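In what follows, a structure is listed as structure tokens, so that the remarks can point back to it.
Atom set for the values below is all heavy atoms of this structure, side chains included, hydrogens, waters and symmetry mates excluded. The structure displayed is predicted, hence computed values, not measured ones.
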Protein chains: 2
Amino acid sequence: MAATDTRAQIVEAADQLFYERGFEHTSFADIAAQVQISRGNFYYHFRTKDEILDAVIRQRLENTQAMLDDWEAEGAGPAERITSFIQILIVNQSKIMAFGCPVGTLTSELAKLGHPSQAGAAGLFSLFRHWLARQFALMGHEAADADRLALHLLARSQGVATLASALRDPAFVEGEVQEMCSWLAAQTSSCLQ
Amino acid sequence: MAATDTRAQIVEAADQLFYERGFEHTSFADIAAQVQISRGNFYYHFRTKDEILDAVIRQRLENTQAMLDDWEAEGAGPAERITSFIQILIVNQSKIMAFGCPVGTLTSELAKLGHPSQAGAAGLFSLFRHWLARQFALMGHEAADADRLALHLLARSQGVATLASALRDPAFVEGEVQEMCSWLAAQTSSCLQ
DNA sequence: GACTTTCTCGGACAATTGTCCTAATCACGA
DNA sequence: TCGTGATTAGGACAATTGTCCGAGAAAGTC
């Protein structure tokens with residue numbers, strides 16, 4: 001097996017396990033078992049657990065950016081793109097009800113640990129924030145307003161994710177998503193005036 | 001020192017440390033150091049770490065209920081009481097920006113651990129949910145609607161807390177709190193019609 | 001086929017974890 | 001003052017943690 005493959009597999013497994021079990025509660029042994037390599041083999045690819053975390057965060061940043069680029073490339077308008085964002089709550093509903101939002105829960109955990117990579121994880125929020133702000137700007141909102149709306153929507157989806165994993169009630173998630181879509185429509189019409 | 005005092009001190013220290021560092025990242029040694037008792041002394045008061053967690057959750061349930069009862073006892077109307085709830089985000093702003101919401105972060109962590117006490121921790125949400133729903137009902141909303149509004153407000157405050165600890169931006173928190181108050185006012189007037 | 005670099009294995013390491021036991025200390029009534 | 005039960009201290013325990021080493025297998029080059 002090529003080294004790059006092994007490395008990629010480690011990052012992939014760590015990404016998944018950090019999400020499902022949390023960073024601290026995931027051990028080298030857990031990742032090794034998932035990838036089916038020996039625990040000692042880690043040292044060749046990653047010297048410390050923090051290095052794995054950094055690699056995971058970097059991969060998430062890349063994947064998220066790619067997803068946002070895809071949405072941007074689609075022909076639809078900014079409002080439809082924002083709807084794609086809101087719909088993540090539906091698309092990933094079962095995982096979110098089990099483990100919460102991957103971005104929110106990781107930053108929360110790292111904040112409590114006082115971990116140096118917390119800023120990096122928070123960068124995932126920035127990606128969404130600026131992408132959403134650009135969409136709102138395209139809808140006709142001025143910069144400061146667009147950023148405010150972006151943060152507002154980000155916060156609401158975070159709240160839905162947190163409560164979804166506590167309540168495990170699909171109807172709640174669907175209801176809140178619908179309300180967010182209505183809210184989005186209101187932001188649209190307020191610009192057409 | 002009386003045994004009940006020691007026990008209360010352990011629960012108090014554990015409560016604080018579970019919030020600031022997370023349940024898993026807090027060790028017996030950490031709590032013992034905080035309370036200044038020997039590590040071995042724990043076994044007399046609590047047989048397992050899970051027992052401490054249960055005691056912490058029980059205390060939080062009692063404290064929360066007491067806080068809600070206090071708000072209820074105050075002479076103001078339901079809208080003012082709901083405002084008290086929203087204002088927690090301001091009152092506890094610095095702690096929330098550092099460690100997030102104690103309820104949301106604990107339930108998230110326990111969900112990832114697959115911990116049996118997750119349901120107990122989620123009970124904290126139920127306390128707020130039903131209290132808020134009662135306030136909305138007093139404002140004239142019918143039961144199903146009141147519950148929906150309660151969950152909506154709960155989710156929004158959760159989202160603000162999560163994003164607050166990631167961004168650490170007081171202006172964002174204050175802006176969102178103001179928007180929630182405006183939203184609350186709209187719910188009020190919609191009932192007066 | 002020989003050689004060198006890249007990669008992997010199994011195990012060792014000190015530290016820390018939650019758990020548990022025993023002996024000593026305390027408070028307090030008889 | 002003695003004795004009894006409640007409380008505490010200190011340390012032992014097996015298991016697990018992240019980290020690291022050295023021997024060897026695999027892969028690629030000449």
When the distance from [atom1] of [X] to [atom2] of [N] is rounded to whole Å, what number comes out?
X       : N      : atom1 : atom2 : result
A/Ile37 : C/dG10 : CD1   : P     : 12 Å
B/His45 : C/dC20 : NE2   : P     : 16 Å
B/Ile10 : D/dT7  : CD1   : P     : 12 Å

Under 4.0 angstrom between B/Tyr44 side-chain N/O and D/dT8 OP1 or OP2: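 For B/Tyr44, the contact criterion (side-chain N or O under 4.0 Å from OP1 or OP2 of D/dT8) is not met.
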Any A/Thr6 side-chain nitrogen or oxygen under 4.0 Å from OP1 or OP2 of C/dC7: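 Negative; the distance criterion is not met.
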side-chain contact (heavy atoms from CB on, under 4.5 Å) between A/Arg148 and B/Phe172, intermediate numbers included: CA-CA 8 Å; A/Arg148 190 180 53 79; B/Phe172 161 72; over 6 Å; no
Full working for side-chain contact (heavy atoms from CB on, under 4.5 Å) between B/Val160 and B/Ile96: CA-CA 9 Å; B/Val160 172; B/Ile96 288 174; over 6 Å; no
Flag for A/Ser27-A/Asp30: side-chain donor and acceptor within less than 3.5 Å: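 A/Ser27 and A/Asp30 do have a side-chain donor-acceptor pair below 3.5 Å.
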B/Glu72 side chain to B/Trp131 side chain, donor-acceptor N/O pair below 3.5 angstrom: yes
Annotated protein contacts, base or backbone, on nucleotides 15-20 of chain D with a non-hydrogen cut-off under 4.0 Å, one of B, S, - each: --SBBB
Partner residues of B/Asp50 under the salt bridge (charged side-chain N to carboxylate O under 4.0 Å, His left out) criterion, sequence neighbours left out: none
B/His141 and B/Phe136 aromatic ring geometry - parallel, tilted or perpendicular at 30°/60° bounds: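 Judged by the thresholds at 30° and 60°, the geometry between B/Phe136 and B/His141 is perpendicular.
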